[in-house]
Amino acid sequence: MRNAFDVIRRPVITEQSMESVADKKYVFMVAIDADKPEIKTAVETAFGVKVAKVNTIRMQGKMKRQGAAPAGRRAAYKKAIVTLTPDSKTIELFEGMV
């Protein structure tokens with residue numbers, strides 16, 4: 001069994017993800033091999049909230065280059081959009097950012 005913070009890597013802080021905090025939707029970068037039930041239990045244990053549903057998306061790494069240097073590639077990652085139940089409390093991590 002993995003630790004909750006082995007599944008949840010970090011929160012995604014963008015304008016679009018911060019607008020959805022009002023609807024109790026939070027975006028996290030998660031481990032590539034994590035599945036939806038594993039993400040749900042990790043968020044519930046780490047933050048003490050009730051999760052209604054989890055949507056995931058695999059993001060492919062972008063090609064990057066600088067000048068004449070050989071092209072490199074950013075790492076691929078997985079995002080999870082976690083929706084909380086209406087009676088659940090909010091996640092304090094996102095409170096000061098909205």
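Quantities reported herein were computed from a predicted structural model and do not represent experimental measurements. Positions are given from 1, in the same order as the sequence printed here.
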Are any non-hydrogen side-chain atoms of [X] and [Y] less than 4.5 angstrom apart?
X   : Y   : value
V54 : I81 : no
T83 : V51 : no
R58 : I32 : yes
D87 : K50 : yes

query: Can you name the residues that form a ring pair (Phe, Tyr, Trp, His ring centres under 6.0 Å) with Y26, not counting sequence neighbours?
result: F94
task: Could you note down all residue pairs passing salt bridge (charged side-chain N to carboxylate O under 4.0 Å, His left out) where residues 17-28 supplies at least one of them, sequence neighbours left out?
output: none
field: Shared-cluster residues of F5, by chain and number - hydrophobic side chains joined below 4.5 Å
entry: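 ILVMFWY cluster around F5 holds nothing else.
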task: Decide whether V82 and V21 are clustered together by the hydrophobic rule: side chain heavy atoms of Ile, Leu, Val, Met, Phe, Trp, Tyr closer than 4.5 Å, transitively.
output: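 Looking at the clustering, V21 is in the same group as V82.
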message: If hydrophobic clusters are built by linking Ile, Leu, Val, Met, Phe, Trp and Tyr wherever their side-chain heavy atoms come under 4.5 Å apart, do M29 and I13 end up in the same one?
response: no
So which atom in [X] and which in [Y] form the shortest heavy-atom distance, rounded to 0.1 Å?
X   : Y   : answer
A31 : K78 : O-CD, 3.7 Å
V49 : T90 : CG1-O, 4.3 Å
A42 : A4  : O-CB, 3.6 Å
R65 : A71 : CB-CA, 4.0 Å

query: Judged by modelled atom types alone, do T14 and S17 share a side-chain donor-acceptor pair under 3.5 Å?
result: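 Per modelled atom types, T14 and S17 side chains form a pair under 3.5 Å.
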Which distance, rounded to the nearest 0.5 Å, do you find between the [atom1] of [X] and the [atom2] of [Y]?
X   : Y   : atom1 : atom2 : value
I8  : I39 : CD1   : CD1   : 8.5 Å
S20 : E15 : OG    : CD    : 12.0 Å
R74 : K64 : CZ    : NZ    : 4.0 Å
T56 : D35 : OG1   : CG    : 9.0 Å

message: Can you list everything that forms a side-chain contact (heavy atoms from CB on, under 4.5 Å) with R73? Sequence neighbours excluded, please.
response: M63
message: If the condition is side-chain contact (heavy atoms from CB on, under 4.5 Å), which residues does K79 pass it with, not counting sequence neighbours?
response: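 Residues passing side-chain contact (heavy atoms from CB on, under 4.5 Å) with K79: V12, V27, I57, M59, Y77.
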query: For residues 32-59, which residue pairs qualify under ring-ring contact (aromatic ring centres under 6.0 Å, His included), counting only residues two or more places apart or in two chains?
result: F28-F47
field: Intermediate values then yes/no, side chain to side chain contact (heavy atoms under 4.5 Å, CB included), K40 and T45
entry: CA-CA 9 Å; K40 179 180 177 177; T45 57; over 6 Å; no
